[in-house]
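Okay, so here's the structure we're looking at.
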Number of protein chains: 2
Amino acid sequence: MVDGTQRKPTRIQRQKRELIREAALDVFSLHGFRGATLDQIAENAGLSKPNLLYYFESKEAIHAELLDRLLDTWLDPLRELDADGDPLTEIRGYIQRKLEAARDFPRESRLFANEIIQGAPRINAELAGPLRDLIQEKSVVLRRWMDEGRLAKTDPQHLIFAIWAVTQHYADFDVQVRAVLGSDDEARFHDAAATIEALFFKGLLPR
Amino acid sequence: MVDGTQRKPTRIQRQKRELIREAALDVFSLHGFRGATLDQIAENAGLSKPNLLYYFESKEAIHAELLDRLLDTWLDPLRELDADGDPLTEIRGYIQRKLEAARDFPRESRLFANEIIQGAPRINAELAGPLRDLIQEKSVVLRRWMDEGRLAKTDPQHLIFAIWAVTQHYADFDVQVRAVLGSDDEARFHDAAATIEALFFKGLLPR
DNA sequence: TGGTCTTTTGACCAATTGGTCAGAACGCTA
DNA sequence: TAGCGTTCTGACCAATTGGTCAAAAGACCA
């Protein structure tokens, strides 16, 4: 058996485990944990179900590993926000990175969304821990910028939520966006970036 | 059997069907269609499974009826946007209504979100039809306001998406928001409203 | 009170689910 | 090429799933 505590994973083990993660990401991100089946994942990966279970202990184990790798990826764009940079440039860059993440990793975004919507049973601790801490830390930076008069005053935490919301929307609600706009990826994300930027920086008041 | 084509539903039929809808909304909104089970719904409603199936033909039938009733509720706040009103007042009111909907009907919001994230297999037609049409219609209004110089120029469709995103976020990602902010409902939604309004109307530029 | 229609139930079913296991096939190195 | 650890498979299992059915229980009106 492929034991996590074992010494060196073989080349095949590394390849197949990655193959399974890929396939599982497809299925979990589309159906959520309970809606996904091992048969679907196995077929998607081109393996038999017992073979799949040779590489992962259980359905939960696959899902857990995906979520585990996800959170860091998900928070990295915010970590990059530089306390010593120019406020508007930093926020602009952050929005940009988040929107690129939504475009390039929509499955990861949906996996995360599924988990949260369903009450985050498996990552509640991460939300209350690392995620909360990071937001608090960056909120301090944002608030300082506001106090220094370099950024309009608002609630920093809600500001971060707003940025998450408008960017992740383009990954999580992709079908809806496509239904309205059509499916030209480039135009969609370009226009989205322009709109979000205009909105956040100039607001809706006519100039 | 309770037949949809039947003449008059009895009092019991009306009550029990409503009871089932309520219970099913709980379960579907938390687990999505595939993740929800009839047993859960039945128990939640305080009925036996066969009894539940006496009132609804199938699991799909319950889900379909919920989605059916949902879309109108969901789009009504946008319908109310008055082409003859004052642009900023109208948009402010729309944001307000959407945020209230997120606060008062989070299960409905999550049911919708689950459906969309999972590819909208059951309401694709509604997205491409009524939803798309309504957005197009209101986009014309928004664009006219922009052309008249009464509203900053942006892409109207993406503006609507942004409003949806920031408001529904507080229903769909509730656990995450709570994990960061704590669970004081009143403060949460009050601060959210203030932040969104400041953001949308004044932007982030220091004044 | 009896009769009829509605509502509810327990027992049941086939299909699907996550997971096991013994052994066959494979692949690498001595 | 023999041997041995790794990889893979088919057959299988118990639990859960959505759904059926005949018959019992309840409600309501003559």
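Letters go in sequence order (proteins before strands), and every chain restarts at 1.
One interatomic measurement links the two molecules: CZ of B:Phe56 to C1' of C:dT7, which rounds to 16 Å at whole-angstrom precision. Atoms CD (B:Gln15) and P (C:dT6) sit 17 Å apart, rounded to a whole Å. The distance from atom OH of B:Tyr54 to atom C1' of D:dG26 is 12 Å, rounded to the nearest whole Å. At whole-Å resolution of the value, CG in B:Leu47 and C1' in C:dT6 are 15 Å apart. In this structure, CG of B:Leu52 is placed 10 Å from P of D:dG18, rounded to the nearest angstrom. At whole-Å resolution of the value, CD1 in A:Ile20 and C1' in C:dG19 are 15 Å apart. The CZ-P distance, from A:Arg17 to D:dT6, rounds to 15 Å in whole Å.
For C:dT6, neither phosphate oxygen OP1 nor OP2 lies less than 4.0 angstrom from any side-chain nitrogen or oxygen of B:Gln13. Look at B:Lys59 and you won't find any side-chain N or O under 4.0 angstrom from OP1 or OP2 of D:dT17. Residue A:Asn51 places at least one side-chain N or O under 4.0 Å from the OP1 or OP2 atom of D:dT9. Regarding contacts with the backbone of D:dT9, a side-chain N or O of A:Ser48 is found under 4.0 angstrom from either OP1 or OP2.
Of the residues in residues 32-45 of chain B, those placing a heavy atom less than 4.0 Å from an atom of DNA chain D are B:Ala36, B:Thr37, B:Leu38, B:Asp39, in numerical order.
Contacts of A:Ser139 classified as side-chain contact (heavy atoms from CB on, under 4.5 Å), with partners at least two apart in sequence or in another chain: A:Ile135, A:Pro156, A:Gln157, A:Ile160. Not counting sequence neighbours, A:Thr195 has no partner by the side chain to side chain donor-acceptor pair (under 3.5 Å) test. Looking at residues two or more places apart in sequence or on another chain, you find a side-chain contact (heavy atoms from CB on, under 4.5 Å) between A:Ser48 and A:Pro50, A:Asn51.
Counting heavy atoms from C-beta outward, A:Arg188 and A:Arg178 have side chains that approach closer than 4.5 Å.
Around the CD atom of A:Glu43, the shell of radius 6.0 Å holds no more than 12 heavy atoms that belong to other residues, nucleotides or ligands. No more than 12 heavy atoms of other residues, nucleotides or ligands lie within 6.0 Å of CZ in B:Phe105, so this atom counts as exposed by the packing criterion. The number of heavy-atom neighbours closer than 6.0 Å to CZ of B:Arg143, taken from other residues, nucleotides and ligands shown, is 12 or below.
Identified under the salt bridge (charged side-chain N to carboxylate O under 4.0 Å, His left out) test for residues 154-164 of chain B, with sequence neighbours left out: none.
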Every protein N/O lying under 3.5 Å from an N/O of nucleotides 20-28 of chain C:
unit_1: C:dC28; atom_1: OP1; unit_2: A:Arg11; atom_2: NH2; d: 3.3

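Stacking of A:Arg92 on the aromatic ring of A:Phe201 is recorded, both the 6.0 Å distance cut-off and the 45° axial limit being met.
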